[in-house]
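Written below as structure tokens is the structure these notes are about.
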2 protein chains.
Amino acid sequence: MSTSLSRSEAKDLTRRKLIRAALAILDEEGEAGLTTVKIAKAAGIAQSSFYVHFKDMRHLLRVLAEEGGERLRGSMREARRRARESPDDLERHRDTFRIPLEAICRHPELLRIQLRARHDPSSSFRDFATQKAAAYREHHAADLAALGYTADDERDRRRLEMIAEAVDAATNALAMGHLEGRYPDLEECADILTALSRGALRLLRSTSGGPA
Amino acid sequence: MSTSLSRSEAKDLTRRKLIRAALAILDEEGEAGLTTVKIAKAAGIAQSSFYVHFKDMRHLLRVLAEEGGERLRGSMREARRRARESPDDLERHRDTFRIPLEAICRHPELLRIQLRARHDPSSSFRDFATQKAAAYREHHAADLAALGYTADDERDRRRLEMIAEAVDAATNALAMGHLEGRYPDLEECADILTALSRGALRLLRSTSGGPA
DNA sequence: GATTTCACCGATAGTACTATCGGTGAAAAT
DNA sequence: ATTTTCACCGATAGTACTATCGGTGAAATC
């Protein structure tokens, strides 16, 4: 505005505008609505200038995946860090759900895009989303193991993974319900998830022991 | 083959071929890959002949939604009927999960298409999928209520709905995991879901009573 | 057996998008 | 002060798809 930017600063600003515009369109209209025409228009430049910043559409999609992945990683690191700080096991278990729920609510568009991509065979983000979901599932299973639900044999290990996958899906569903306004209280969502999880873990506890 | 079909029979056959081809492409490539060119080619007719059977693409999509809805309704009716026949409450509760899991495995493409449509703002099936999911959630909540988990006040009614939504999401996730080969035993999936559900319902039982 | 109907065909106009090209002016380098 | 660089522009060729049109032959009707 007042201070004229240097050329590289101006270019970087335009690039960020493009990414910002693309993420908004991706969230609002889905991958099918993501065209160079719309992105450039939303960013306030000519359609052809899109190619000054990205080699082609694929390039932008790769960058968006990296961008989204970085934000997701950041939220997860924070979640893990805070969950580890909880005083007792019960509170830690509850935090295992409350913190991801809060992370989702901070960047709901990332969850929406991920859920969409995961089931769409034409999506450029499909592999990325599947990979992220698997990583989160394993991380969750490891968290449960850290709470004392040791999985000694193959059967229990598989069950722990199934519980993690089932509870993750439930977490996403309740988070979406919260975002849609159906479940206003996030604490109540965490309560339900904790209860679900503890119920399922009873299956393991009975065979291999666990915390109170 | 040997007997030449009447004109109307032949037309109806071609129409069914088109719907069949469209469903296959929808499952394999998603809504983005669904074009009149591909559908007609897969059905073995010229692209322009597509319009002999459907006014336009929207018309076909409407018909596909009705077609899929009818199959889904059929599976659900069957599931409800069989679940009601179970001898005791525990077995009925378990059937509440095993039967939907089996229904999903009979028509996995319908679940895939529905999950995809539900989160895609550009999908023609989005409203349809959302509606179906809400209907199933309410049906599930009613099933739980029938098992004795009476929800007297508003809080418990909301919690019952949250549990139904969470468990439905978990059911879909485990069914997808089964279809992807990660969880070969469908009975084990039903076990996990039953345990999840019973754990969550403990929240209600403690305040308003319920079965053993 | 003559006429009508119509499912299907090939050709094509119209639409939306991608990606490239040469031109322009202001910032940067000399 | 002059030259170079380059972010951005308008124009446009190329691609993929939708939907319409007139033509054709075999089934249906008379």
Side-chain angles (χ1 to χ4, degrees), chain A residues 1-26 28-65 120-125, chain B residues 1-26 28-65 120-125:
Chain A
M1 311 300 165
S2 55
T3 59
S4 61
L5 302 163
S6 82
R7 193 132 70 166
S8 65
E9 284 172 331
K11 183 176 184 183
D12 199 59
L13 182 66
T14 305
R15 183 189 159 96
R16 278 201 297 267
K17 274 187 194 169
L18 285 168
I19 290 174
R20 195 182 185 78
L23 273 174
I25 293 169
L26 196 54
E28 287 161 23
E29 303 180 39
E31 216 166 324
L34 204 64
T35 69
T36 58
V37 178
K38 284 185 195 163
I39 297 166
K41 190 170 184 179
I45 61 169
Q47 182 266 340
S48 59
S49 300
F50 172 91
Y51 296 91
V52 171
H53 301 273
F54 304 100
K55 191 193 161 292
D56 53 21
M57 202 54 175
R58 292 178 171 208
H59 183 197
L60 170 64
L61 292 169
R62 264 205 316 279
V63 170
L64 287 182
D120 186 354
S122 75
S123 171
S124 310
F125 304 118
Chain B
M1 308 295 167
S2 54
T3 60
S4 62
L5 301 163
S6 81
R7 193 132 72 164
S8 65
E9 284 172 331
K11 183 177 182 181
D12 200 58
L13 182 67
T14 305
R15 184 188 159 95
R16 277 200 297 268
K17 273 186 194 168
L18 284 168
I19 290 174
R20 195 183 183 76
L23 273 174
I25 293 168
L26 196 53
E28 286 161 24
E29 302 180 40
E31 217 165 320
L34 204 63
T35 69
T36 58
V37 178
K38 285 185 195 162
I39 297 167
K41 190 169 184 180
I45 61 170
Q47 182 266 339
S48 60
S49 299
F50 172 91
Y51 295 90
V52 171
H53 301 272
F54 304 100
K55 193 195 160 292
D56 53 20
M57 202 54 174
R58 291 178 170 206
H59 183 196
L60 171 64
L61 291 169
R62 264 205 316 278
V63 170
L64 287 181
D120 186 353
S122 75
S123 172
S124 310
F125 304 117

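Side chains are part of it too, since the values below use all heavy atoms of this structure and drop only hydrogens, waters and symmetry mates. Numbers restart at 1 for each chain; the letters A, B, ... are given by sequence-line order, proteins then strands.
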Residues forming a side-chain hydrogen bond (donor to acceptor under 3.5 Å, both in side chains) with A/Thr36, sequence neighbours excluded = A/Gln47
For C/dG22, the nucleotide meeting Watson-Crick or G-U wobble distances (both under 3.5 Å) is D/dC9
What is the distance from atom NE2 of A/His53 to atom CD1 of A/Ile45, rounded to the nearest 0.5 Å?
-> 5.0 Å
Distance-only check: which donor-acceptor pairs under 3.5 Å involve side-chain atoms of residues 57-65 of chain A, not counting sequence neighbours?
residue, atom, partner, partner atom, Å
A/His59, ND1, A/Lys55, N, 3.0

May I ask which nucleotide in the shown strands pairs with C/dG1, Watson-Crick or G-U wobble, both distances under 3.5 Å?
-> D/dC30
Restricting both atoms to N or O, compile the protein contacts to nucleotides 3-6 of chain D shorter than 3.5 Å, with distance only.
residue, atom, partner, partner atom, Å
D/dT5, O2, A/Arg7, NH1, 3.4
D/dT5, O2, A/Arg7, NH2, 2.8
D/dC6, O2, A/Arg7, NH1, 3.4

In B/S/- notation, 5' to 3', how is nucleotides 10-20 of chain D contacted by protein heavy atoms closer than 4.0 Å?
-> BB-----SBBB
Donor-acceptor pairs are to be reported for all side-chain atoms of residues 5-14 of chain A against protein atoms at under 3.5 Å, with residues two or more places apart or in another chain.
residue, atom, partner, partner atom, Å
A/Ser6, OG, A/Ser8, OG, 3.4
A/Ser6, OG, A/Glu9, N, 3.3
A/Ser6, OG, A/Glu9, OE1, 3.4
A/Glu9, OE1, A/Ser6, N, 3.0
A/Asp12, OD2, A/Arg16, NH1, 2.6
A/Thr14, OG1, A/Ala10, O, 3.0

Do you know which two heavy atoms are closest between B/Ala43 and B/Ala21, and how far apart they sit?
-> N-CB, 4.3 Å
Residues two or more places apart in sequence or in another chain: which of them pass ring-ring contact (aromatic ring centres under 6.0 Å, His included) with B/Phe125?
-> none
Partners of B/Lys38 by side-chain contact (heavy atoms from CB on, under 4.5 Å), sequence neighbours excluded?
-> B/Ile25, B/Glu29, B/Thr35
Expressed in angstrom and rounded to an integer, what is the separation of A/Leu13 atom CG from D/dA7 atom C1'?
-> 13 Å
Quick one: list whatever passes side-chain contact (heavy atoms from CB on, under 4.5 Å) with A/Ser48, sequence neighbours left out.
-> A/Ala46
When the nearest nucleotide of DNA chain D is assigned to A/Ala10 and to B/Ser8 on a heavy-atom basis, which residue is associated with the more 5' position?
-> A/Ala10
